[in-house]
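Here's the structure, in structure tokens; my notes come after.
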There are 2 protein chains.
Amino acid sequence: MVTTFALLADPTRRRPVEELRAGERSVGVLVDAVGLSQPAVSKQLRVLREAGLASVRKDAQRRMYRLDPERLRELDDWLQPFRAMWEARVDALEQTLSTMED
Amino acid sequence: MVTTFALLADPTRRRPVEELRAGERSVGVLVDAVGLSQPAVSKQLRVLREAGLASVRKDAQRRMYRLDPERLRELDDWLQPFRAMWEARVDALEQTLSTMED
DNA sequence: TCAATATATGCCTTTACAGTTATATGCTGC
DNA sequence: GCAGCATATAACTGTAAAGGCATATATTGA
């Protein structure tokens with residue numbers, strides 16, 4: 001299966017995800033947002049579905065896609081230990097600045 | 001240029017990054033950690049360098065690689081608005097549980 | 001049942017890129 | 001300067017996957 005990292009590497013997949021942040025969207029709307037052919041977008045939506053990042057609901061002929069943010073948590077978890085690194089740098093900078101003020 | 005997302009999509013690039021979290025590492029050490037040929041690893045290290053995610057220092061014949069975590073911040077920033085989504089879910093769950101306790 | 005709309009799938013082509021081997025480059029101690 | 005180690009680069013190959021077009025499938029309203 002595709003990792004969450006790989007999922008978001010492709011802009012064609014990242015765009016819909018960003019779009020879905022605001023709520024449910026039909027395929028047609030996502031196609032407009034991405035600016036590629038409908039089949040291309042449908043294909044990527046399928047990948048997102050299969051990776052558990054999105055799910056679908058039927059609404060007449062439309063398929064409404066909804067974001068499933070849980071998997072994004074993996075990314076957040078992975079990032080966690082690194083966060084300390086840049087926060088440390090910011091702290092050091094702030095300390096330097098406050099020293100300069102004295 | 002490669003986006004930070006694409007950078008981390010490849011395990012062969014993610015592994016060294018994780019390895020570098022602990023501090024400077026020579027290419028040889030990274031090669032062992034990743035388990036691929038030396039040229040393969042060197043190639044990916046170059047990508048990391050050019051993307052500003054790592055930098056090098058010469059130490060005799062060795063090249064010591066160091067992590068430059070700033071670019072990871074982009075990832076963190078991108079993630080920010082989504083974070084609210086899963087936190088909302090957790091809150092809802094907790095509320096449900098506390099209601100059940102009554 | 002038929003036409004129209006919305007989406008998915010199959011097939012094909014092309015491109016990007018990872019990995020390998022062989023080789024070049026750079027540095028050091030002698 | 002030379003031998004030896006550590007790393008980088010070049011050239012090549014194989015593969016995966018993205019995107020396009022054509023077409024199938026599904027749903028609805030009439």
Side-chain angles (χ1 to χ4, degrees), chain A residues 1-68 71 75 78, chain B residues 1-20 22-68 71 75:
Chain A
M1 223 237 294
V2 200
T3 86
T4 309
F5 294 95
L7 271 179
L8 299 173
D10 186 354
T12 313
R13 234 143 30 201
R14 206 161 56 241
R15 283 294 311 275
V17 169
E18 293 164 356
E19 201 68 23
L20 290 174
R21 206 168 51 199
E24 276 191 339
R25 291 286 183 272
S26 74
V27 175
V29 169
L30 294 174
V31 168
D32 290 345
V34 173
L36 283 182
S37 74
Q38 174 264 312
V41 175
S42 276
K43 217 175 181 182
Q44 305 301 358
L45 288 176
R46 176 181 194 163
V47 177
L48 288 176
R49 253 185 305 151
E50 290 179 343
L53 222 97
S55 38
V56 209
R57 181 177 66 85
K58 295 184 186 175
D59 172 43
Q61 305 99 324
R62 298 209 178 83
R63 305 292 175 105
M64 305 300 290
Y65 276 80
R66 170 172 32 98
L67 187 63
D68 248 326
R71 294 278 319 258
L75 245 183
W78 185 87
Chain B
M1 222 236 295
V2 201
T3 85
T4 310
F5 295 96
L7 272 180
L8 300 173
D10 186 354
T12 314
R13 236 144 29 200
R14 207 160 56 242
R15 282 295 311 275
V17 169
E18 292 164 356
E19 201 69 21
L20 290 174
E24 275 190 339
R25 291 286 182 273
S26 73
V27 175
V29 169
L30 295 174
V31 168
D32 291 344
V34 173
L36 284 182
S37 73
Q38 174 264 313
V41 175
S42 276
K43 216 178 180 181
Q44 306 300 358
L45 287 176
R46 176 181 195 163
V47 177
L48 288 176
R49 253 184 304 150
E50 291 180 344
L53 222 97
S55 38
V56 208
R57 181 177 65 85
K58 294 184 186 175
D59 172 41
Q61 304 101 322
R62 297 209 180 82
R63 306 289 175 106
M64 304 300 290
Y65 277 80
R66 171 171 32 97
L67 187 61
D68 247 328
R71 294 278 319 258
L75 244 183

Closest approach to the side chain of [X], judged atom by atom: which nucleotide of [options] is it?
| X | options | result |
| --- | --- | --- |
| B/Arg63 | D/dG19, C/dG26, D/dT9 | C/dG26 |
| B/Arg62 | D/dT7, C/dA8, C/dA6 | D/dT7 |
| B/Pro39 | C/dA22, C/dT9, C/dT7 | C/dA22 |
| A/Ala40 | C/dT9, D/dA10, D/dG20 | D/dG20 |
| B/Gln61 | D/dT27, C/dC27, C/dA8 | C/dC27 |
| A/Arg49 | C/dT9, C/dT7, D/dG4 | C/dT9 |
| A/Gln44 | D/dA18, C/dG19, C/dA8 | D/dA18 |
| B/Arg13 | C/dT7, C/dT28, C/dA18 | C/dA18 |

Just how far, in rounded Å, is [atom2] of [N] from [atom1] of [X]?
| X | N | atom1 | atom2 | value |
| --- | --- | --- | --- | --- |
| B/Arg25 | D/dT7 | CZ | P | 13 Å |
| A/Leu30 | C/dA6 | CG | P | 14 Å |
| A/Lys43 | C/dT13 | NZ | C1' | 11 Å |
| A/Asp59 | C/dT5 | CG | P | 17 Å |

Quick one: does A/Arg14's side chain have a donor or acceptor within less than 3.5 Å of a partner on A/Leu8's backbone? yes
Sub-4.5 Å side-chain heavy-atom contact between A/Arg15 and A/Glu18: yes
Side chains of B/Ser26 and B/Asp59, heavy atoms from C-beta outward: is any pair under 4.5 Å? no
Under 4.0 Å from OP1 or OP2 of [N]: is there any side-chain N or O of [X] that close?
| X | N | result |
| --- | --- | --- |
| A/Arg46 | C/dT9 | yes |
| A/Thr12 | D/dA18 | no |
| A/Ser37 | D/dG20 | yes |
| A/Tyr65 | C/dA6 | no |

How close do B/Arg13 and B/Leu7 get, counting heavy atoms only, and between which atoms? NE-O, 3.0 Å
Using a cut-off of 4.0 Å on non-hydrogen atoms, how would the nucleic acid contact of A/Leu36 be classed: base, sugar-phosphate, or nothing? sugar-phosphate
Which part of the nucleic acid does B/Lys58 contact within heavy-atom distance under 4.0 Å: base, sugar-phosphate only, or nothing? sugar-phosphate
Matching residue for B/Val27 among B/Arg63, B/Met64, B/Arg62 - test: side-chain contact (heavy atoms from CB on, under 4.5 Å): B/Arg63
Can you say whether a donor on the side chain of B/Gln38 sits under 3.5 Å from an acceptor on the base of D/dA6, or the other way round? no
